[in-house]
Amino acid sequence: MNLRTSLTIILATVTTLCSSAQFSIGLELGGVRNNLDTDTGYAYDLRYDGRNGATVGIAFGYDFNDWFALRAAPTYIQKGYKMHRTGIYEGIYEKTGNTYIDVPVTARFSFGGKKVKGFVDLGAYVGRWISSRRCGDTLLPDSPLDSDDYDRTITPPDAVYP
């Protein structure tokens with residue numbers, strides 16, 4: 001099945017489901033700032049910086065009646081951090097980016113009347129780490145650590161990070 005056929009089927013399904021007043025669908029877009037907080041021990045020249053990422057999700061909801069509804073929102077999440085060195089190791093760095101899929105599912109119970117209405121949400125989520133990418137500059141394993149000769153560094157191909 002090609003992409004055009006898949007998109008047509010998805011659009012037809014969403015249009016059909018959205019024609020019911022009980023079904024709702026929405027798009028969630030957002031940003032993430034991830035900071036790694038870790039003890040560097042005796043590595044006084046090791047620094048960790050935060051990195052920005054994005055979240056994209058599709059929220060689904062179905063109201064069974066006026067007091068019970070189900071919601072789900074599969075979400076793609078990017079997180080990452082940057083590590084860099086200072087002092088004699090200046091120039092050594094590593095960027096790490098991780099991606100996750102997260103599917104929260106909630107049941108909403110509503111109570112009350114026309115003037116005051118409350119609700120209780122109960123739910124859980126399933127998440128999965130999909131991938132990780134790293135890039136940066138580092139010393140080769142056989143180079144002396146006390147050397148200022150940074151001509152012996154390796155640079156992996158640039159990775160795309162937000």
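What you see is a predicted model, and the numbers here were worked out from it, not measured in a lab. Both backbone and side-chain heavy atoms feed into the values below; hydrogens, waters and symmetry mates do not.
- Separation of atoms CD1 (Ile92) and CE (Met83) is listed at 7.5 Å; rounding is to 0.5 Å.
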Taking distance alone, no hydrogens or angles, what donor-acceptor pairs closer than 3.5 Å link side-chain atoms of residues 102-121 to residues at least two apart or in another chain?
| residue | atom | partner | partner atom | Å |
| --- | --- | --- | --- | --- |
| Arg108 | NE | Asp121 | OD1 | 3.0 |
| Arg108 | NH2 | Asp121 | OD2 | 3.2 |

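- A search for ring-ring contact (aromatic ring centres under 6.0 Å, His included) contacts involving Phe64 returns Tyr62, Phe68, not counting sequence neighbours.
- Both Leu70 and Leu122 are assigned to one and the same hydrophobic cluster, defined by single-linkage of ILVMFWY side chains at heavy-atom distances under 4.5 Å.
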### Query
Between Val56 and Glu28, is a side-chain contact (heavy atoms from CB on, under 4.5 Å) present by the stated rule, with each step listed?
CA-CA 6 Å; Val56 178; Glu28 296 179 351; over 6 Å; no
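- In the hydrophobic clustering of ILVMFWY residues, with side-chain heavy atoms under 4.5 Å counting as a link, Ile58 and Tyr76 come out apart.
- The closest side-chain heavy-atom distance from Thr96 to Arg134 is below 4.5 Å.
- The NZ atom of Lys82 sits 9.5 Å away from atom SG of Cys135, with the distance rounded to the nearest 0.5 Å.
- Distance check: Leu46 CG to Glu94 CD gives 9.5 Å after rounding to the nearest 0.5 Å.
- Between Phe23 and Ile25, the shortest heavy-atom contact is CE2-CB, 4.0 Å.
- Residues satisfying the side-chain hydrogen bond (donor to acceptor under 3.5 Å, both in side chains) criterion with Asn35, sequence neighbours excluded, are absent altogether.
- Put simply, the side chain of Gln78 gets close to the backbone of Ala54: a donor and an acceptor are under 3.5 Å apart.
- Between Ile130 and Tyr100 the shortest side-chain heavy-atom distance does not fall below 4.5 Å.
- Of the inter-residue distances, the one linking Thr75 atom OG1 with Ile101 atom CD1 reads 8.0 Å to the nearest 0.5 angstrom.
- For Arg128, there are no side-chain hydrogen bond (donor to acceptor under 3.5 Å, both in side chains) partners at least two apart in sequence or on another chain.
- Asp49 pairs by the side-chain hydrogen bond (donor to acceptor under 3.5 Å, both in side chains) definition with His84, not counting sequence neighbours.
- Shown here for Asn98 and Ser132, the closest heavy-atom pair between the two residues is OD1-OG, 2.8 Å.
- In terms of modelled atom types and a separation under 3.5 Å, the side chain of Arg71 and the main chain of Ala59 share no donor-acceptor contact.
- Evaluation of the side-chain hydrogen bond (donor to acceptor under 3.5 Å, both in side chains) rule for Thr99 yields Ser131 as partners, not counting sequence neighbours.
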